[in-house]
J.: 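Here it is, the structure in full.
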Amino acid sequence: MSDDKKLPTRAENFSDWYNELVLRSELADYSPVRGCMVIRPHGYGVWERMQRALDDMFKATGHVNAYFPLFIPESFLSKEAEHVEGFAPECAVVTHGGGKLLEERLVVRPTSETIIYSMFAKWVQSYRDLPLLYNQWANVVRWEMRTRLFLRTMEFLWQEGHTAHVTHDEAEHETRKMLGVYRTFMESYMAMPVITGLKTDAEKFAGALRTYSCEAMMQDNKALQAGTSHNLGQKFAKAFDLKFQTEQGTEAFAWNTSWGVSTRMVGGLVMTHGDDAGLRLTPKLTPIQIVIVPIYKTDDERAATIEAAKRIADELGSFTRPDHERIRVHVDERIGIKPGAKYYHWELRGIPLRLEIGPRDLAAASGMLVRRDTREKRPIAWDVLRAELPIVLQQIQDDMLAAARARMEAHTIRERISYDRFKEIMAGDGAFVYAGWNGDPAVEARVKEETKATIRCIPDAEFRSAVAPTTCMVTGEPAKFEVLWARSY
RNA sequence: CGGGGCGUAGCUUAGCCCGGUAGAGCGCCUGCUUCGGGAGCAGGAGGUCGCAGGUUCAAAUCCUGUCGCCCCGACCA
């Protein structure tokens, strides 16, 4: 069946499209264990690019990497009341080791606040020891009922930043700063615009004073919480006795923050940019930026075009160049596969650029350059590749962000609408709806119950509407906040 | 954990009602011809029909149990 070659379309069934695409583009595969996934080289290559960029940003903002253990004594989790209530139901617990029943059961970390702050407590005596600005790259386990590749798996990879400060304001500043780092990363690397803001109490992290998040719009108009940053206040410090002597000689508890992004972002990248032909990866995150496809009829032509392709690849991708001057090139020299089939192969995998080199091009020392995002084709001389490719790649990066931003704006509603209209929207195509809220958690719960939509965040100033809503969309009472409503992943 | 569905080759599946030699498409391997948008022909490899019992001369097919997976709900980066 030739239909086997086509993906389901986004319009037909967005969910099927996503699942099929992740499998067929070889980002990931299902594992023998329910709810877990194998991240294949193409998907891991994207994650590695994400890690590298973020890690540089963390270092540039003064953080250091460390590693804390996978196993946490069960009693640690219970020390912070809200935290244990939030996480206990989804913990994997080790009861046996070496064939014996353990004296104290060990939780496989669902997140590492408890173990990290217990260690911080050991290391901090004076205000001079603060701040502590730590990050770790790790895997965590949460026993989810319903899983989806990248978006929600029982084990996932992430980074978790954990810091300790002398004052509340310093911790708050850190929380906001890292949210800003995430936003910058998502926009400039993933070309995924986000709305940042404060979570309501119902949606905040278990154990946090305040949670901020980055919310991105997927192509089905649902929101994806792509990253969170928490001001933990002194809750964990008090639970783990993380205190220090102040400049004045008094004793005080430290103020903590934690912040994280995960492999979920790979799913976000797919659902932000993918089309019915496959993935569209951004130039900054794709493992391969340009694929060269040689075209030939005879053996002589094959030898000549492949030779030219390899020479170009060596020139553009040489390891002797510094990273920022190196272009990630791949030559598709597979034999017995026609050029057309190779085009589909690389389009499915989202490679931003393709260079076709055939017998006709050899004499002219040129090739046909094709963009994955726009499908635009143009001839290009070999000798200008080095100068022009970085410009084209940056253009693609910029165009993808602009396109994603335009799409988000086209599905954003800021004018005042009735709650009935809101229900219709959420039952239909969905949207990001900015509206007034009276601040009552009961209203929030009722809307979730009736429409499955939730308050994604109380948006930061730069995302708020020019004219603030004055009344609550649901009750008509005076609005305390302007909030962003959407259905979410 | 409640409701629904499904387990047959690497993948998608036909066959099951009405028991009687396990079939197809895709993919894979070999060869020849092809090669500027998913190639054609010829040959070939690959299956204890999820597992365990039972009924029967005979079970993919009927019965019982069991395990696993998928979808819909409650929980979630």
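Worth saying up front: this structure is predicted, and the values here are computed from it rather than measured. Residue numbering restarts at 1 for every chain, and letters A, B, ... go by the order of the sequence lines.
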J.: Under 6.0 Å from the ring centre and within 45 degrees of the ring axis: does the NZ or CZ of A/R49 meet both conditions for the six-membered ring of A/Y189?
T.: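 Because its charged atom misses either the 6.0 Å distance or the 45° angle limit, A/R49 does not stack over A/Y189.
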
J.: Strictly by Watson-Crick or wobble contacts shorter than 3.5 Å, is anything paired with B/G47, and which nucleotide is it?
T.: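 Partner of B/G47: none.
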
J.: Figure out the CG/C1' separation between A/N19 and B/C11, and round it to whole Å.
T.: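 Rounded to the whole Å, the gap is 16 Å.
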
J.: Between atom NZ in A/K342 and atom P in B/G37, what is the gap in whole Å?
T.: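 Those two atoms, NZ and P, are 13 Å apart.
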
J.: Do the side-chain N or O atoms of A/K452 get closer than 4.0 angstrom to the phosphate oxygens (OP1, OP2) of B/G73?
T.: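 Yes, because at least one side-chain N or O of A/K452 sits under 4.0 Å from OP1 or OP2 of B/G73.
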
J.: For A/S112 and A/E160, test the side chains for any donor-to-acceptor distance below 3.5 angstrom and give the result as yes or no.
T.: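 Yes, A/E160 and A/S112 have a side-chain donor paired with an acceptor closer than 3.5 Å.
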
J.: Pairing check on B/A14: which nucleotide meets the Watson-Crick or G-U wobble criteria with it, both distances under 3.5 Å?
T.: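 Pair assignment: B/A14 / none.
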
J.: Of the candidate nucleotides B/G37, B/G38, B/G36, which contains the atom at the shortest distance from the side chain of A/P339?
T.: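 So the nucleotide nearest the side chain must be B/G36.
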
J.: Rounded to the Å, how far apart are A/M190 CE and B/A77 C1'?
T.: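 Result: 13 Å.
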
J.: Would A/R456 pass as a cation-pi partner of A/F432, given that its NZ or CZ must be under 6.0 Å from the six-membered ring centre and within 45 degrees of the axis?
T.: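 Output no; distance or angle outside limits.
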
J.: Quickly work out the A/L151 CG to B/C75 P distance and round it to whole Å.
T.: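 Nearest whole value for this atom pair: 19 Å.
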
J.: Nearest whole angstrom, please: distance from the P of B/C70 to the CG of A/L149.
T.: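 Those two atoms, CG and P, are 10 Å apart.
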
J.: Quick check for you: among B/A39, B/A74, B/A77, whose closest atom lies nearest to any side-chain atom of A/E144?
T.: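 When the side chain of A/E144 is considered, B/A77 is the closest of B/A39, B/A74, B/A77.
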
J.: In terms of side-chain heavy atoms of A/K6, which of B/G37, B/G38, B/C35 is nearest?
T.: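 Ranking B/G37, B/G38, B/C35 by closest atom to the A/K6 side chain puts B/G38 first.
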
J.: When you get a sec, tell me which of B/A77, B/A39, B/G36 is the closest nucleotide to the side chain of A/R142?
T.: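 It is B/A77.
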
